[in-house]
Amino acid sequence: MTRDMAFFEFLLRMGDNTLVLGHRVSEWCGHAPVLEEDIALANTALDLIGQTQMWLGLAGEVEGQGRSADDLAMLRDAWDFRNVLLAEQPNGDFGQTMMRQYLFDQAHVLLLEKLAGSSDERVAAIAAKSVKEVAYHVERSRDTVIGLGDGTSESHRRMQAALDLLWPYAGEMFTDDEVSGIMAGEGIAPEPSSLRAAWDAAVQQTMSEATLVIPDSDFAHAGGKTGFRHTEHLGHMLTQMQWLQRAYPGARW
Amino acid sequence: MTVSVDQIWGWLDEVPDPEIPVISVVDLGIVREVVLEGETVKVAVTPTYSGCPATSVISMDIETALRDRGIKDVKIETRIAPAWTTDWLSEKGRSRLEDYGIAPPQPAGGPERCPHCGSRNVTRVSQFGSTPCKAHWRCTDCLEPFDYFKCI
């Protein structure tokens, strides 16, 4: 694999994570349990979609085939997406959405902090911009996980169920492979495994405050960021997200 | 026609922010550079939040404002580094925000006082508000809700 191929893959991983999670979160718009949460979710989704424009914009530039961020977002099928499986998992109830968000945000903020020092100045610029927004995301998702985990017996039960359900999807964020090896070698991005200890420490602290128990097993589903095998949920999500461009190719605002 | 860079800055200071029309795009600190190259005016604009829907409207408003002044060739460049910070809000912008009912950003991370009654007894409702750049607060004296322009 050449450096540019690996760089393109890396940028798709960044942009597809924010795109797919951003779309998932946007599905709450108008449906959240209270107005303040609806607004917070919509704002989070908006930040993530904005970050997607920058990551996929750069991906298209690096690829050099003339594809724009919109082309990459709207005209690829499931097997070409490089997001982690965690991001595409369905929203479930509000607690499950916030647990997914926290597990992701905590890894996202650690990664962006490192990427702000990337040897590629375009990556560093996008990361420096994004990390300010993501700092607000993780503050909120962490507080919400703690509030609901250490809440009523019903909210506690739901948060523990969400953690049990989503935990096997968290490990994929920290696996290394050829792409990440090339990126680390170039000083563009850290090996994902190098972020694990800091993530574990933060998540353990949060779950302990939330009175939630982290599952014993470290089994991790894989296949999202390599595109080898997504869960069935991604395809269903794309039928909604890409519907307009599929039905009316090239439609513009 | 002959124009100076200072003149252009003055014109841009009359372009209102589309979401918060009491402050200008210059007050907001998002106009990073104005360059005059022959007949061409180049304006570098930085987004507040990466997903802020006002960004494209702002670029269009800047272009329209300059064309209305007779500038035919306008180039808008989006510049993301260094990332926008609320430290770039002008003093004029800060006081206008408060008059408008939006508490200006403070280094402490929360509003100094209620923009309606001036009370220091304020409480946070949500870190996210009506636009990406604002948080939602409430005054515990006059009981009115208000927006706080959050630090970033």
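Values below: every heavy atom of this structure, side chains too, minus hydrogens, waters and symmetry copies.
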Engaged part of [X] at the chain B interface, taking heavy atoms whose separation is under 4.5 Å:
X: A:Leu46; value: both
X: A:Ile126; value: both
X: A:Glu139; value: side chain

Mind checking whether A:Phe10 and A:Phe7 have parallel, tilted or perpendicular rings, split at 30° and 60°?
-> parallel
Under 4.5 Å from a heavy atom of chain A, the part of [X] involved:
X: B:Thr48; value: backbone
X: B:Thr85; value: both
X: B:Pro47; value: both

Cation-pi geometry met for B:Lys150 and B:Phe128 (6.0 Å, 45°) | yes
Under 3.5 Å: donor-acceptor pair, side chain of A:Asn17, backbone of A:Val84 = yes
Please lay out, stage by stage, how B:Glu98 and B:Arg113 fare under the test side-chain contact (heavy atoms from CB on, under 4.5 Å).
-> CA-CA 10 Å; B:Glu98 191 161 21; B:Arg113 56 177 178 252; 2.9 Å; yes
Would you call B:Lys42-B:Glu77 a salt bridge at under 4.0 Å N-O?
-> no
Just do the salt bridge (Lys or Arg N to Asp or Glu O under 4.0 Å) check on B:Glu112 and B:Arg120 with the steps written out, would you?
-> CA-CA 7 Å; B:Glu112 191 184 7; B:Arg120 311 255 163 183; 3.6 Å; yes
Out of A:Ala40, A:Ala125, A:Gly22, which one racks up the most heavy-atom pairs below 4.5 Å with chain B?
-> A:Ala40
